[in-house]
Structure formats: structure tokens, C-alpha cells
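The shown structure was predicted, so the numbers you read here are calculated from the model rather than taken from an experiment. Here, residue 1 is the first one in the sequence, and each next residue gets the next number.
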Amino acid sequence: MTSGLWELVLKGIWVTVQLLVFSALLAAAVSFVVGIARTHRLWIVRFLAGFYTEVFRGTSALIMIFWVFFVLPPAFGWQLVPMWAGTLALGLTYGAYGSEIVRGALNSVDPAQREGGIALSFSPWQRLRLILLPQAVPEMIPPFSNLLIELLKGTALVSVMGMGDLAFSGNLVRLALQESAEIYTYILLIYFVIAFLLTRVMRGLEKKLKAGLGRVPERSGKVPMPRPEATGVGAGGGAS
């Protein structure tokens, strides 16, 4: 490819990275707000949060992009640029999936921890901030990592708005060179490299958070050996 076409691809990568960052930040905020609301003691809060989750999980991300870009602005008399339309649609959609991750992680915390906070006269906000979230967040990282990769792949949907992301730029290069196999192979490799880097970052974050709790993430494919006291065999002891 010529330098001009490579420059077009590089601009597409930059647009994709920006969209990924903005929509991931929005999705993270939505995930925590809605996920925490799903565990609220008031039924109306749980109902509204659950309704939001079911609506956005049950609709197509592509159709949501169309709706936000073409339907929503005329109703309010303004127009969204493609970047913010894509951010809003993807952030709200993937935030609905992320809210289930947050809800599940919070509910997985040992009930005794909640009871301990109540015994210490902690307010609900203090129990959430000081007891539940520090233990739940490390458990959220692996599923959030998968969701982030899905969000990266979902950014390609914004090309339907004519937004110059990686997928859109790659298609322009393909049309210019009339070479589908080579160009799409390059695009696949670029998406893979970005996804691989994201995975490394999220895995490092998981290790750091678990180390702060005195826990070490288990390596995949390896089964931890039981401690001697767990098997009834210890120093100076044996089977009777």
C-alpha cells in the first residue's frame, strides 16, 4: 500500500481507539450504577434497573446505533456527531451486559461480610464502599475483560454511519486497491493486536487488585494443590 493509504488506516485505528475508550468509560459507569441498583433494598429501584437491563440486552446494537443517530436527534431538534452517537449507543448497550457482571459479583460476596458491616453500624453506602466493592471488583475483571473485547469488535458497527473507524477505512482501502484478501487480513490482525494488548492490561489489573487482597489469581490449566491441613495429613500426623 502507498503511504497515503497507510495513513488512512492509521487514522481509522485512532478513531476506533477513541471510540473504544469513550464507550468503555460510559459502559463502566452504567454497569456500576445499574448493577448496584439491581441489589438495592427498594423494589422499585431494582425493577427500573432490571427493566433497563432487559431492554438494552434484548435489542440489537446495530439498530440502537441507527436509532440514536437517525431517530433520537430529530425528536429533540439536535444532531449528534457519529463519534458521540456511537459512544452513546455502544456504552448504553454494553453497560447493560456489564451491570449483570456487577450484580453477580456483589451477590457473590460472603453474606457474613454484609452482616459484619451491619454489626459495625456501617451505613449501606459504607458497606458497599468499604466491604463489598473491594472484594467484588477483582472478580469482575475477567468477565469485564471479555466484555471489553466484545466492545472492541462492536465498534466496527459504527461504520454504517460513515464514521472513519478501522473497519470503514479498511473498506475504503480495499475499494482503492481492489484487493480484498490482503486488506481484510491486515484489518483482522490489527483488531487481534488491539484485543491482545487489552487482555494483557486487564490481566495485569486483575493481578494487582487480587494482590491487594492477599490473593493470587490462579493460572489457567493448573489445579491448586490442597494444603496438608485440608487433607487431614500434616506434620507429625497420618492416617489412623
Side-chain angles (χ1 to χ4, degrees), residues 19-61 64-65 67-68 72 84-155 198-199 201-218:
L19 178 61
L20 176 64
V21 171
F22 294 147
S23 54
L25 290 175
L26 177 58
V30 170
S31 297
F32 278 92
V33 171
V34 177
I36 292 171
R38 294 291 303 275
T39 65
H40 201 275
R41 64 181 183 275
L42 296 179
W43 73 268
I44 186 63
V45 176
R46 296 196 305 271
F47 172 79
L48 292 175
F51 179 76
Y52 167 85
T53 300
E54 294 305 322
V55 167
F56 278 87
R57 287 197 310 173
T59 53
S60 165
M64 186 60 65
I65 289 174
W67 193 83
V68 170
L72 187 62
W84 300 122
T87 296
L88 187 61
L90 293 175
L92 293 177
T93 299
Y94 285 89
Y97 290 98
S99 67
E100 284 295 282
I101 296 174
V102 174
R103 182 188 65 84
L106 289 174
N107 287 338
S108 70
V109 176
D110 190 343
Q113 299 289 329
R114 301 172 184 266
E115 295 168 2
I118 295 173
L120 293 171
S121 299
F122 283 0
S123 67
W125 168 244
Q126 287 176 318
R127 294 198 298 270
L128 177 67
R129 182 171 60 89
L130 300 176
I131 298 176
L132 300 180
L133 283 178
Q135 297 182 68
V137 168
E139 304 303 325
M140 300 176 194
I141 300 301
F144 266 139
S145 179
N146 291 333
L147 190 62
L148 186 60
I149 301 304
E150 290 299 319
L151 176 56
L152 168 64
K153 293 185 285 187
T155 58
L198 290 174
T199 302
V201 170
M202 295 296 285
R203 188 164 297 175
L205 178 61
E206 179 189 3
K207 289 181 178 179
K208 183 176 181 180
L209 290 174
K210 288 193 173 182
L213 294 176
R215 292 147 55 189
V216 179
E218 297 177 7

To the nearest 0.5 Å, how far apart are [atom1] in [X] and [atom2] in [Y]?
X	Y	atom1	atom2	result
Leu90	Leu20	CG	CG	9.5 Å
Thr39	Asn107	OG1	CG	6.5 Å
Thr155	Leu19	OG1	CG	5.5 Å
Asn146	Ile101	CG	CD1	8.0 Å
Leu148	Ile141	CG	CD1	10.5 Å
Leu151	Tyr97	CG	OH	12.0 Å

Worksheet entry | Heavy-atom check, side chain of Leu133 versus side chain of Phe32, under 4.5 Å | yes

Discussion item. Using side-chain heavy atoms (C-beta onward) and a distance below 4.5 Å, is Leu128 in contact with Leu106?
Written reply: yes

Work out which heavy atom in [X] is nearest to a heavy atom in [Y]; give both atom names and the distance.
X	Y	value
Ala96	Phe56	CB-CB, 3.6 Å
Gln135	Pro138	O-CD, 3.6 Å
Gly117	Arg127	C-CD, 3.8 Å
Tyr52	Leu92	OH-O, 2.8 Å
Ala136	Val109	CB-CG2, 4.1 Å
Ser31	Gly98	OG-CA, 3.2 Å

Discussion item. When you measure from the side chain of Arg46 to the backbone of His40, do you find a donor-acceptor pair of N or O atoms at a distance under 3.5 Å?
Written reply: yes

Discussion item. When you measure from the side chain of Glu115 to the backbone of Ala112, do you find a donor-acceptor pair of N or O atoms at a distance under 3.5 Å?
Written reply: no

Item to complete: Start with the C-alpha gap between Phe144 and Val102, add the side-chain angles, then the distance that decides, and say whether side-chain contact (heavy atoms from CB on, under 4.5 Å) holds.
Response: CA-CA 9 Å; Phe144 266 139; Val102 174; 3.8 Å; yes

Item to complete: Take the angle between the ring planes of Phe47 and Phe51 and call it parallel below 30°, perpendicular above 60°, tilted in between.
Response: parallel

Worksheet item: When you look at Phe22 and Trp84, which way does the side-chain contact (heavy atoms from CB on, under 4.5 Å) test go after all the steps?
Response: CA-CA 9 Å; Phe22 294 147; Trp84 300 122; 3.9 Å; yes

Worksheet item: Is Arg57 salt-bridged to Glu54, cutoff N-O under 4.0 Å?
Response: yes

Item to complete: Walk me through it: do Arg203 and Glu206 pass the test salt bridge (charged side-chain N to carboxylate O under 4.0 Å, His left out)?
Response: CA-CA 5 Å; Arg203 188 164 297 175; Glu206 179 189 3; 5.4 Å; no

